[in-house]
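What follows is one structure encoded as structure tokens, with my remarks underneath.
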Amino acid sequence: MLEVQPEIDPVPVHIAIIMDGNGRWAEKRKRPRLFGHKAGVDSVRAVVEAAREVGVQHLTLYAFSTENWRRPGLEVKGLMSLLKNYLQAELDNMMTNEIRLGCFGQRDRLPADVRRILEQVMADTAHCRGMRLNLALSYGSRAEIVAGVQEMMRKCSAGELDARAVDEQMLSDHLYSTGQPDPDLLIRTGGEKRLSNFLLWQVSYAEIYFTETKWPDFRKPQLLEALRDYAGRQRRFGKTGAQLDTE
Ligand code: FPP
């Protein structure tokens with residue numbers, strides 16, 4: 001029987017997700033943490049497909065933070081290997097579904113083989129216009145902002161930029177997310193209620209949705225629930241509700 005979904009309106013243009021809870025999900029099942037990350041990759045596939053289906057235009061997934069390098073070597077190696085397999089396996093699917101892959105983060109810190117396939121998929125999907133999928137890899141928001149400021153200061157020293165011209169838009173243009181709209185909705189799975197150095201500049205006005213559901217259990221129905229919650233919110237951007245009613 002055909003499943004009838006009540007329409008979700010509006011759909012966020014950009015969703016960012018902190019995919020948390022893989023380790024605890026596995027530990028609860030008395031399995032190694034990597035088992036949780038593997039199940040997490042299935043959630044990535046499901047959520048990318050569902051987001052594309054409902055018309056999300058930008059999806060940013062926090063897959064590996066700068067702090068995650070401090071995890072046990074075997075876990076880091078396992079995550080890198082999952083990432084490489086995912087990228088190899090998904091290229092055709094991304095092309096078919098017009099998904100353009102991007103990367104936010106310190107690409108040069110990634111193992112050479114992962115970086116190679118990542119850049120290959122980015123190049124092969126550069127023409128795709130259906131949805132942008134950004135993977136945050138070796139990503140940290142404060143480091144991103146510092147790098148952006150440094151680049152603007154370098155331009156000032158070189159006489160290419162007047163310091164008085166620096167404004168919010170210009171800083172935005174010096175971040176990994178340049179050219180993409182700020183997230184409308186930030187989702188964090190796994191029950192913790194913090195931002196963990198993720199897109200601190202970009203989420204200034206994002207609606208935040210925290211859920212206890214651990215990432216391996218977060219699939220299409222859970223995404224739709226988050227989208228319905230988002231659709232029910234009033235985004236005021238500093239104005240009053242009455243002002244918005246008369247617009
Ligand atoms: C957080 O769970 C999750 C991560 C650090 C990695 C997320 C990675 C994936 C979902 C798989 C690889 C990604 C792609 C894009 C193929 P945690 O380990 O911190 O969980 P815990 O808080 O329960 O310990």
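Side chains included, hydrogens not; waters and symmetry mates left out as well; all remaining heavy atoms used. Heads up: numbering here begins at 1 and tracks the sequence. In listed order, ligands and their atoms are each counted from 1.
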(request) Give the residue and atom name of whichever protein heavy atom lies nearest to atom 5 (C) of ligand 1, and the separation in Å to one decimal. (result) N68 OD1, 3.6 Å
(message) Tell me the protein heavy atom at minimum distance from atom 15 (C) of ligand 1, and give that distance in Å.
(response) L135 CD2, 3.9 Å
(message) Counting only heavy atoms not in E168 (residues, nucleotides, ligands), do more than 12 fall under 6.0 Å from its CD?
(response) no
(message) Salt bridge or not between K220 and E49? Use side-chain N to carboxylate O under 4.0 Å.
(response) no
(message) Between E225 and R228, does any side-chain N to carboxylate O distance fall below 4.0 Å?
(response) no
(message) Taking 4.0 angstrom as the limit and counting only heavy atoms of R33, give me the atoms of ligand 1 inside it, by number and element.
(response) 17 (P), 18 (O), 24 (O)
(request) Do me a favour and list the nearest non-hydrogen protein atom to atom 12 (C) of ligand 1 with residue, atom name and distance? (result) V41 CG2, 3.9 Å
(message) I need the atoms of ligand 1 closer than 4.0 Å to a non-hydrogen atom of Y86, numbered in the order shown.
(response) 16 (C)
(request) Note the single closest protein heavy atom to atom 3 (C) of ligand 1, along with its residue, its atom name and the distance in Å. (result) M19 O, 3.1 Å
(request) Flag yes if more than 12 heavy atoms outside M153 fall under 6.0 Å of its CE atom; otherwise flag no. (result) no
(request) Name the closest protein heavy atom to atom 20 (O) of ligand 1, giving the residue it belongs to and the distance to 0.1 Å. (result) G23 N, 3.1 Å
(request) Check if L61 has a non-hydrogen atom at a distance under 4.0 Å from any atom of ligand 1. (result) no
(message) Give me the nearest non-hydrogen protein atom to atom 9 (C) of ligand 1 as residue plus atom name, then the distance to 0.1 Å.
(response) N22 ND2, 3.8 Å
(message) Check E98 with R52, please: is the shortest side-chain N to carboxylate O separation under 4.0 Å?
(response) no
(request) Name the option, out of E67, K214, M80, H37, that contains the heavy atom nearest to atom 4 (C) of ligand 1. (result) H37
(request) In plain terms, say whether E192 and R188 are close enough for a salt bridge, that is, a side-chain N and a carboxylate O under 4.0 Å apart. (result) no
(message) For atom 22 (O) of ligand 1, what's the nearest protein heavy-atom neighbour? Residue, atom name and distance, please.
(response) D20 OD1, 3.0 Å
(message) More than 12 heavy atoms of other residues, nucleotides or ligands under 6.0 Å from CG of L200: yes or no?
(response) yes
(message) For the 3.5 Å polar cut-off, considering only N or O atoms, please tell me whether Y62 and ligand 1 meet it.
(response) no
(message) Check this for me: does any side-chain nitrogen of one of D229 and R233 sit under 4.0 Å from a carboxylate oxygen of the other?
(response) yes
(message) Check this for me, if you would: do R116 and D113 make a salt bridge, where the nitrogen-to-carboxylate-oxygen distance has to be below 4.0 angstrom?
(response) no
(message) If the cut-off is 4.0 Å to any non-hydrogen atom of A63, which atoms of ligand 1 fall inside it?
(response) 6 (C), 7 (C), 8 (C)
(request) May I ask whether G190 places a heavy atom under 4.0 Å from ligand 1? (result) no
(message) Checking the N or O distance criterion of under 3.5 Å, is ligand 1 in contact with W215?
(response) no
(request) Check each atom of ligand 1 against the heavy atoms of R71 and keep those under 4.0 Å away; list them by number with element. (result) 5 (C), 17 (P), 18 (O), 19 (O)
(request) Taking only Lys NZ, Arg NE, NH1 and NH2, and the carboxylate oxygens of Asp or Glu, determine whether K214 and D20 approach each other closer than 4.0 Å. (result) no
(request) Determine, for W25 and R29, whether the Lys NZ or Arg CZ falls below 6.0 Å from the six-membered ring centre while staying within 45 degrees of the axis. (result) yes
(message) Just to check, does K38 reach to within less than 4.0 Å of ligand 1 when the distance is taken from its heavy atoms?
(response) no
